[in-house]
Amino acid sequence: MRRLLGPLLCLWALRLPAGSGAAARGLDVASYRERVRAMFYHAYEHYLESAFPYDELRPLTCDGQDTWGSFSLTLIDALDTLLILGNVSEFQRVVNVLQEGVDFDIDVNASVFETNIRVVGGLLSAHLLSRKAGLEVEAGWPCSGPLLRMAEEAARKLLPAFQTPTGMPYGTVNLLHGVNPGETPVTCTAGIGTFIVEFATLSHLTGDPVFEDVARKALKALWKNRSDIGLVGNHIDVITAKWVAQDAGIGAGVDSYFEYLVKGAILLQDKELMSMFLEYNKAIKNYTKFDDWYLWVQMYKGTVSMPVFQSLEAYWPGLQSLIGDVDNAMRTFLNYYTVWKQFGGLPEFYNIPQGYTVDKREGYPLRPELIESAMYLYRATRDPTLLELGRDAVESIEKISKVDCGFATIKDLRDHRLDNRMESFFLAETIKYLYLLFDPDNFIHNDGSDFDVVVTPYGECVLNAGGYVFNTEAHPIDPAALHCCRKRKEEQWEVEDLMREFYSRKKTKKFTLKRAPDHGEGENAKDPKNASSEKAGEKRNSKKSSHSLLSCPSQSFHSKLAVLGQVFLDNT
């Protein structure tokens, strides 16, 4: 057990004891936590009343719209947030609603990237949290269960996208018919490299290696096609492996590729993935970092192409904290925080030399990235400045964005005009990270001192010990679950058989031990010794698709600068 828990605890190894920093600044953490809870329910209840079963709420007109595939997406995305807020009964109700109402056999063109991070990730997280939420789980859980089967069904709908000469996936797939014949082969880097967390989890839980295999092949294809100076561009042709947009940076179109190298390494204890990231990190520091800002550069030459900070880049300090680079993380975070203070939010693009927004990129769709970094860094440092960002976020969002039917995207931070959209990530990420920032005792922050022992057909496994790995949509995955569903190796059986034979000679027939049947002899087959283990475990347990700026584009790229489908002329 120590061997299993050890790596899980490394995530929070930098935590300091609960300090007096927050109190010294007079910030009422409990009060802000409750305000965040109220924000969640204001948005969630209006989604249920006005928008369900559509994907998203339109808060200005109090109705709904489908955006990513007609999945009731906000409901899936909000599910694990409900449990983090402690609402067990609503979690249970929504699980039943999703089982009855979500259908993936639909003639819809869906983003492979978005479907994975929001739908597959949301269902996997909810599946692994089901027992904690008081649901009666079926025999064999967590290696089986209705939410796991839903996640697997959704992921299988995405597999045709990976059938390319390079192993890098198309950006869009039709859930009924596969990849459309005229589908563009141009996919953003993040749309290729953001699968290992969800797909490896699926493979470990279901025993089918295909998911992890395709995710790894896509990651390695990007690695193979990096430039001689160690950078990757923004968009690539998945058929020819030719870079179409050659801007290199840490932001939109690239971001979660780097994130998943780190989180995949932590989840799988994979040294190769971490070494890949560390090599990228060197190149990023060498060519894109200037005074604790990160610019966009030409991937082959390293020359600056766009001196812009994007709001999506604000995840980077949190990622740095996961590899222990806290000092650099804090300096970069404070740069980004100055932009928030200037506008009451992070504009999509911010011109660093001019110190102002970029034309037509002045909006703030209530993104979570800066809050996400604050949550990670606060766990590492207890610096009260990070709580102050949380305070500012609550005050800004409530003042600028709150309307009668929820929270609206801010179309322009300069004059606070609103747009008629509330993306599902507002409840999945922004609210969740805010709440966790103000809730130091949440089960998500478990340091391994409390855990559950679950008996599976393969023996005992430890769950809920902490060290959760958040996917890029903030859906927490329990790393320990990946150890629950592996069949025992033949060598282990041989050793156990020898030991049993040895000891059986010293016992009467009444106490002769028998080898448990293989999994293939029945899903619920168990070793007789697990009966006592189960009791011990019980004792321990008491303790039509429209595309937004997030989508990968379906257009050709000819201009020098292109980020997430937005093409910039040289004079932009």
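Atoms considered below: every heavy atom in the structure, side chains included; atoms not considered: hydrogens, waters and symmetry mates.
- The main-chain N or O of L427 is found under 3.5 Å from a side-chain atom of T81 such that the two form a donor-acceptor pair.
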Test side chain to side chain contact (heavy atoms under 4.5 Å, CB included) applied to T385 and Y337, step by step: CA-CA 10 Å; T385 304; Y337 188 15; 3.9 Å; yes

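- Test L319, L273, L278 against V262 for side-chain contact (heavy atoms from CB on, under 4.5 Å) and you get one pass: L319.
- Checked against the 6.0 Å centroid threshold, W340 and F333 do not count as a close aromatic pair.
- Side chain of S424 to backbone of L73: no donor-acceptor contact under 3.5 angstrom is found.
- Classified by interplanar angle (parallel below 30°, tilted 30° to 60°, perpendicular above 60°), the ring pair Y44/F40 is parallel.
- Ion pairing between a basic and an acidic side chain is recognised when a charged N comes within 4.0 Å of a carboxylate O; R35 and E395 show such pairing.
- Using a 4.5 Å heavy-atom cutoff, the side chains of L148 and W141 are not in contact.
- In this structure, the side chain of S125 does not engage the main chain of G121 through any donor-acceptor pair within 3.5 Å.
- In this structure, CD1 in I400 is found 4.5 Å from CD1 in I410, a value given to the nearest 0.5 Å.
- Sequence neighbours left out, the pairs with a member in residues 41-57 that pass salt bridge (Lys or Arg N to Asp or Glu O under 4.0 Å) are E56-R421.
- Side-chain atoms of D392 and S396 form no donor-acceptor pair, as typed in the model, at a separation below 3.5 Å.
- With no hydrogens or angles considered, no side-chain donor-acceptor pair links D439 and H445 at under 3.5 Å.
- Across Q99 and P146, no two heavy atoms sit closer than the pair OE1-CB, 3.3 Å.
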Steps toward side-chain hydrogen bond (donor to acceptor under 3.5 Å, both in side chains) verdict (N464, D452): CA-CA 6 Å; N464 301 322; D452 298 328; 2.7 Å; yes

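- For the pair E152 and R149, the salt-bridge criterion is not met [side-chain N within less than 4.0 Å of a carboxylate O].
- We find the OH-CG distance between Y47 and L57 to be 9.0 Å, quoted to the nearest 0.5 Å.
- The two atoms that bring C484 and L463 nearest to each other are SG-CD2, 3.9 Å, heavy atoms only.
- Within a 6.0 Å sphere centred on CG of D404, heavy atoms belonging to other residues, nucleotides or ligands number 12 at most.
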Worked check of side-chain hydrogen bond (donor to acceptor under 3.5 Å, both in side chains) between N328 and R331: CA-CA 5 Å; N328 281 320; R331 287 195 291 269; 2.4 Å; yes

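- Two rings, from F309 and Y336, have their centers less than 6.0 Å apart.
- Ion pairing between a basic and an acidic side chain is recognised when a charged N comes within 4.0 Å of a carboxylate O; K411 and D419 show no such pairing.
- At least one donor-acceptor pair closer than 3.5 Å links the side chain of Y260 to the backbone N or O of T472.
- Salt bridge annotation for R118-E423: present, with a cationic side-chain nitrogen under 4.0 angstrom from a carboxylate oxygen.
- Crowding of Y294 atom OH: a count of heavy atoms from other residues, nucleotides or ligands under 6.0 Å exceeding 12.
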Worked check of salt bridge (Lys or Arg N to Asp or Glu O under 4.0 Å) between R131 and E136: CA-CA 7 Å; R131 193 168 181 268; E136 184 175 343; over 6 Å; no

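- Contact record, L387 with L437: CD2-O, 3.7 Å, taken as the closest heavy-atom pair.
- Atom NZ of K289 sits in a crowded spot, with more than 12 heavy atoms from other residues, nucleotides or ligands closer than 6.0 Å.
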F113 vs F195, ring-ring contact (aromatic ring centres under 6.0 Å, His included): CA-CA, chis, key distance, verdict: CA-CA 8 Å; F113 169 82; F195 294 91; 7.3 Å; no

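- In this structure, C405 and C62 have their SG atoms less than 2.5 Å from one another.
- Separation of atoms OG1 (T201) and CG (L268) is listed at 7.0 Å; rounding is to 0.5 Å.
- Separation of atoms CD1 (I266) and NZ (K263) is listed at 8.5 Å; rounding is to 0.5 Å.
- The two atoms that bring T115 and A110 nearest to each other are OG1-CB, 3.6 Å, heavy atoms only.
- With rounding to the nearest 0.5 Å, the separation of CG in L124 from CG in D478 is 12.0 Å.
- For Y364 and F343, the ring centers are positioned 6.0 Å apart or more.
- With no hydrogens or angles considered, no side-chain donor-acceptor pair links D63 and Y54 at under 3.5 Å.
- Using a 4.0 Å cut-off between charged nitrogen and carboxylate oxygen, D80 and K432 count as a salt-bridge pair.
- Although no hydrogens or angles enter the test, the distance criterion places a donor-acceptor pair under 3.5 Å between the side chain of R33 and the main chain of F438.
- Minimum heavy-atom separation, R414 to T357: CD-OG1, 3.8 Å.
- Classification of E34 and R37 as a salt-bridged pair holds, one side-chain N sitting under 4.0 Å from a carboxylate O.
- Aromatic ring centres of Y433 and F470 lie closer together than 6.0 Å.
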side-chain hydrogen bond (donor to acceptor under 3.5 Å, both in side chains) assessment of N446 paired with Y468: CA-CA 9 Å; N446 187 4; Y468 293 92; over 6 Å; no

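- Here the CD-NZ distance, from E153 to K157, works out to 6.5 Å after rounding to the nearest 0.5 Å.
- Nearest heavy-atom pair, T456 versus C143, reported as atom, atom and distance to 0.1 Å: CB-SG, 4.5 Å.
- Using cut-offs of 30° and 60° on the angle between ring planes, the pair F199 and F211 is perpendicular.
- Checked against ring-ring contact (aromatic ring centres under 6.0 Å, His included), Y350 has no partners two or more places apart in sequence or in another chain.
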